[in-house]
Amino acid sequence: MRDLNSNSAAMSGDLLAWYDVHARGMPWRVGPAECTAGNRPDPYKVWLSEVMLQQTTVAAVRDYFLRFTSRWPTVSDLAAAADAEVMAEWAGLGYYARARNLLKCARLVAVGFGGAFPDNYDDLLKLPGIGPYTAAAIASIAFNRPETVLDGNVERVMARLHDIHEPLPGVKPVLKAHAAELTPSLRPGDYAQAVMDLGATICTPRNPACGICPWREHCAAQNAGTAAELPKKTPKKPKPTRSGIVYLAKSADGTWLLERRPDKGLLGGMLGWPGSEWSDAPCPNPPFEADWQETEGEVRHTFTHFHLMLRVMTAELPAGFNQNAAQELIPSRDFRPSSLPTVMRKAFELFQGR
DNA sequence: CAGGCGTGGAT
DNA sequence: TATCCAAGCCT
């Protein structure tokens with residue numbers, strides 16, 4: 001194995017050559033050939049895709065990205081959209097704070113910066129929903145600045161390249177330093193995408209394809225036979241199971257009762273069914289007195305930090321029901337289950353299929 | 001700074 | 001079925 005420090009320029013060159021051939025095509029990407037020809041990607045699309053991709057797979061993001069850019073082609077279009085429309089379009093993608101911050105950020109950029117995103121790491125980092133990773137990704141990919149992206153892919157690649165056995169997240173600064181050492185001043189945007197593509201397609205969490213890796217001759221873990229067990233991570237706490245109840249009510253003339261959830265907390269800002277708290281001790285508290293019927297079966301859903309068992313109660317919504325400020329009465333023809341977060345959509349589907 | 005915050009696919 | 005994990009951010 002060669003000395004990594006004196007070899008970083010050659011290594012990034014090897015990776016870029018690999019990327020020129022193997023770059024994955026994505027709707028928000030400008031391929032390496034066009035990029036070299038001077039065509040930069042649209043910062044709006046880079047930003048939007050990067051926010052959607054936070055902790056989310058490429059496969060899940062693709063359709064959402066196409067719908068968003070079709071409906072709101074520029075950051076100013078998005079900034080002018082109603083909150084409820086954007087939340088509904090985001091429904092199902094998860095981590096709904098991203099959508100709220102997306103709108104905040106779009107309005108800041110549209111109103112404060114005349115529709116132009118900041119073109120450097122420090123200013124991008126100040127915007128809501130943009131952290132160290134996303135700021136580096138936008139600065140490098142959209143503006144060709146030599147910033148270093150450090151996502152889960154890059155962490156894994158660096159941990160293996162240097163055979164680092166200390167666990168994440170503690171060892172993150174070390175990995176960041178190694179990643180920075182390899183970042184080239186030429187084509188940093190392509191390099192950022194290349195190193196993530198490497199992690200996503202070759203240097204994968206399980207069964208890494210070391211035999212065809214452009215960095216195999218430089219990889220300490222490949223040399224030591226430890227690649228597949230890296231990176232180490234501190235063990236996670238087990239998820240508790242909580243339970244709750246949702247109340248689905250439709251009036252005789254076909255109007256559903258839904259409720260806008262507060263911005264803070266789980267599923268914040270999203271529409272959902274009225275219901276109990278989700279805790280270890282469920283205490284049913286229906287939105288009105290009625291002969292509530294329990295739907296057979298239950299919804300099982302897993303969030304980031306707990307499992308949920310959800311009972312689904314139904315009743316007819318009385319005529320002239322007086323809703324509170326958070327509640328909305330939605331006629332059947334306007335009701336789209338796809339505009340609900342997945343757990344709420346599951347409750348509706350259990351009721352539909354009863 | 002450790003925990004809150006979604007979802008679906010792979011194993 | 002249970003667990004892991006995917007282009008993290010915010011508090």
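We name chains A, B, ... by the order of the sequence lines, and we start the count at 1 in each one.
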Applying the salt bridge (charged side-chain N to carboxylate O under 4.0 Å, His left out) test to A:Arg145, which of A:Asp122, A:Asp119, A:Asp123 qualifies?
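That would be A:Asp119; it is the only one of A:Asp122, A:Asp119, A:Asp123 passing the salt bridge (charged side-chain N to carboxylate O under 4.0 Å, His left out) with A:Arg145.
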Distance flag, aromatic centroids of A:His305 and A:Phe303, threshold under 6.0 Å:
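No: the rings miss the under 6.0 Å criterion.
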What do you reckon, are the aromatic ring centroids of A:Phe68 and A:Phe65 less than 6.0 Å apart?
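No; A:Phe65 has its ring centre 6.0 Å or more from that of A:Phe68.
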With a 4.0 Å limit, can you tell me whether [X] has a side-chain N or O closer than that to the phosphate oxygens OP1/OP2 of [N]?
X: A:Tyr95; N: C:dA6; value: no
X: A:Thr342; N: B:dG8; value: yes
X: A:Thr56; N: C:dG8; value: no
X: A:His305; N: B:dG3; value: no
X: A:Arg62; N: C:dA6; value: no

Among [options], which nucleotide sits nearest the side chain of [X]?
X: A:Asn101; options: C:dC10, B:dT7, C:dA6; result: C:dC10
X: A:Pro132; options: B:dT7, B:dC5, C:dC9; result: C:dC9
X: A:Val343; options: C:dC9, B:dT7, B:dG6; result: B:dT7
X: A:Lys237; options: B:dG6, C:dA6, B:dG3; result: B:dG3
X: A:Arg345; options: C:dC9, B:dG6, B:dG8; result: B:dG8
X: A:Arg156; options: B:dG6, C:dA6, B:dT7; result: C:dA6

Rounded to the nearest angstrom, tell me the gap between atom [atom1] in [X] and atom [atom2] in [N].
X: A:Met270; N: B:dC5; atom1: CE; atom2: P; result: 15 Å
X: A:Gln54; N: B:dG6; atom1: CD; atom2: C1'; result: 13 Å
X: A:Lys346; N: B:dT7; atom1: NZ; atom2: P; result: 8 Å

Salt-bridge test for A:Arg187 and A:Asp190: reply yes if a basic N is under 4.0 Å from a carboxylate O, no otherwise.
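So A:Arg187 pairs with A:Asp190 through a salt bridge.
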Is the shortest side-chain N to carboxylate O distance from A:Asp83 to A:Arg107 below 4.0 Å?
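Here A:Asp83 pairs with A:Arg107 in a salt bridge, since their nearest N and O are under 4.0 Å apart.
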How would you label the contact of A:Gly268 with the nucleic acid (heavy atoms, under 4.0 Å): base, sugar-phosphate, or nothing?
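No contact.
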With DNA chain C as reference, determine whether A:Ala200 or A:Leu125 sits nearer its 5' end, using the nearest nucleotide of each.
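Checking each residue's closest nucleotide, the 5'-ward one belongs to A:Ala200.
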